[in-house]
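Just so it is clear, the values below take in all heavy atoms, side chains as well, and ignore hydrogens, waters and symmetry mates. One-based numbering, in listed order, for ligands and for the atoms of each.
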Amino acid sequence: MANKLNVTIWNEGRHEKMSKEVGDIYPHGMHTAIAGGLSVDGASIRTATLDEPEHGLTEEVLADTDVLLWWGHMAHDDVNDEIVERVHKRVMQGMGLIVLHSGHFSKIFKKLMGTTCDLKWRADGEKERIWVVNPGHPIAAGIGEYFELPKEEMYGEHFDIPEPDELVLVSWFAGGEVFRSGCCYTRGAGKIFYFRPGHETFPTYYDPNVLKVISNAVKWAAPVEREAPTYGFRKPLETI
Ligand code: ZN
């Protein structure tokens, strides 16, 4: 089926186990909350976590994944470099990757961006207002001019990322900072979307607008079906 989309939601999954506060908000993990809230026609959704063998990202699982979501924070360094290479290779081949919140410091995102991906932060639980700055973009479908999250962690500029190919969302925080919250890239044949909200101590992944953005991003990041390009020496197509 052409519209069949295999989505894998990867979560570090440590905060939920180690913190009662986080465990109370996400008793089955953030990955399960996101899986329950995604609305993508024809999608088959599975989850994977850090503490599974091969972090749940075996060659078979990745070969069968069209779009991978990534949430990590406290254990970025525990992600095996071999698995990072495996994910990177699949992105180059066309697998979509959606990097969520503190995934900005994940090995895979830093490798794909080539910059520090550093930013300002403050986890005081302040209001975030997220503005759509690219209203024609498919990731903004069904989203108003802006939406608000009553309590979130602040991420502030400067965000040390390459200039996004397309910028879809910009956040304003009650404390005064702003941030590029929805950034699109392509690397190889793969599409990458970074989406800012999702601090573990707030119920962000139950918010309908957040889930709508993620659902739109999954559709946008889906691979384009075509033969892979070829490289290297070529005989001329015409007589020269
Ligand atoms: Zn956070």
Side-chain angles (χ1 to χ4, degrees), residues 9-38 47-51 55 68-79 84 97-113 115-131 147-161 164 167-183 192-214 217:
I9 302 172
W10 189 88
N11 180 19
E12 180 182 281
R14 293 267 176 91
H15 286 281
E16 296 94 325
K17 291 182 202 161
M18 295 171 74
S19 154
K20 184 180 181 317
E21 184 187 12
V22 180
D24 284 349
I25 300 170
Y26 297 110
H28 305 292
M30 278 180 268
H31 50 294
T32 308
I34 295 168
L38 273 190
T47 62
T49 55
L50 178 65
D51 291 331
H55 311 324
L68 176 68
L69 280 68
W70 192 279
W71 195 101
H73 178 233
M74 62 186 291
H76 291 313
D77 287 346
D78 291 356
V79 177
V84 176
L97 177 69
I98 298 171
V99 176
L100 298 168
H101 186 62
S102 40
H104 73 91
F105 262 165
S106 61
K107 287 181 180 178
I108 184 62
F109 190 61
K110 288 196 291 186
K111 182 178 173 72
L112 287 162
M113 296 297 104
T115 54
T116 69
C117 301
D118 212 344
L119 45 77
K120 296 183 178 68
W121 64 275
R122 174 175 63 241
D124 287 352
E126 63 199 89
K127 180 157 89 177
E128 175 176 13
R129 184 176 294 135
I130 302 174
W131 288 91
F147 65 97
E148 294 180 350
L149 299 170
K151 281 183 193 282
E152 250 296 346
E153 179 179 15
M154 183 282 291
Y155 278 5
E157 296 283 344
H158 174 240
F159 184 18
D160 186 23
I161 47 172
L167 180 63
V168 184
L169 304 165
V170 169
S171 288
W172 168 90
F173 293 89
E177 290 85 358
V178 296
F179 192 76
R180 288 168 289 170
S181 273
C183 304
I192 300 159
F193 183 62
Y194 173 79
F195 186 40
R196 194 218 78 85
H199 187 66
E200 65 274 6
T201 59
F202 306 114
T204 298
Y205 292 124
Y206 299 109
D207 181 88
N209 284 306
V210 167
L211 292 165
K212 180 84 184 155
V213 169
I214 297 173

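Using a 4.0 Å cut-off between charged side-chain N and carboxylate O, Lys127 and Glu152 make no salt bridge.
Considering only residues two or more places apart in sequence or on other chains, Arg122 meets the salt bridge (charged side-chain N to carboxylate O under 4.0 Å, His left out) condition with Glu126, Glu177. Under the salt bridge (charged side-chain N to carboxylate O under 4.0 Å, His left out) criterion, Asp78 pairs with Arg14, sequence neighbours left out.
At a cut-off of 2.8 Å, His101 is counted among the residues with an N, O or S atom near the Zn ion (ligand 1). Using a cut-off of 2.8 Å, one finds that Glu153 contributes an N/O/S atom close to the Zn ion (ligand 1).
The atom name of the N/O/S atom in His199 closest to the Zn ion (ligand 1) is ND1.
Taking the six-membered ring where tryptophan is involved, the planes of His199 and His73 are perpendicular, since the angle between them exceeds 60° and thus also 30°.
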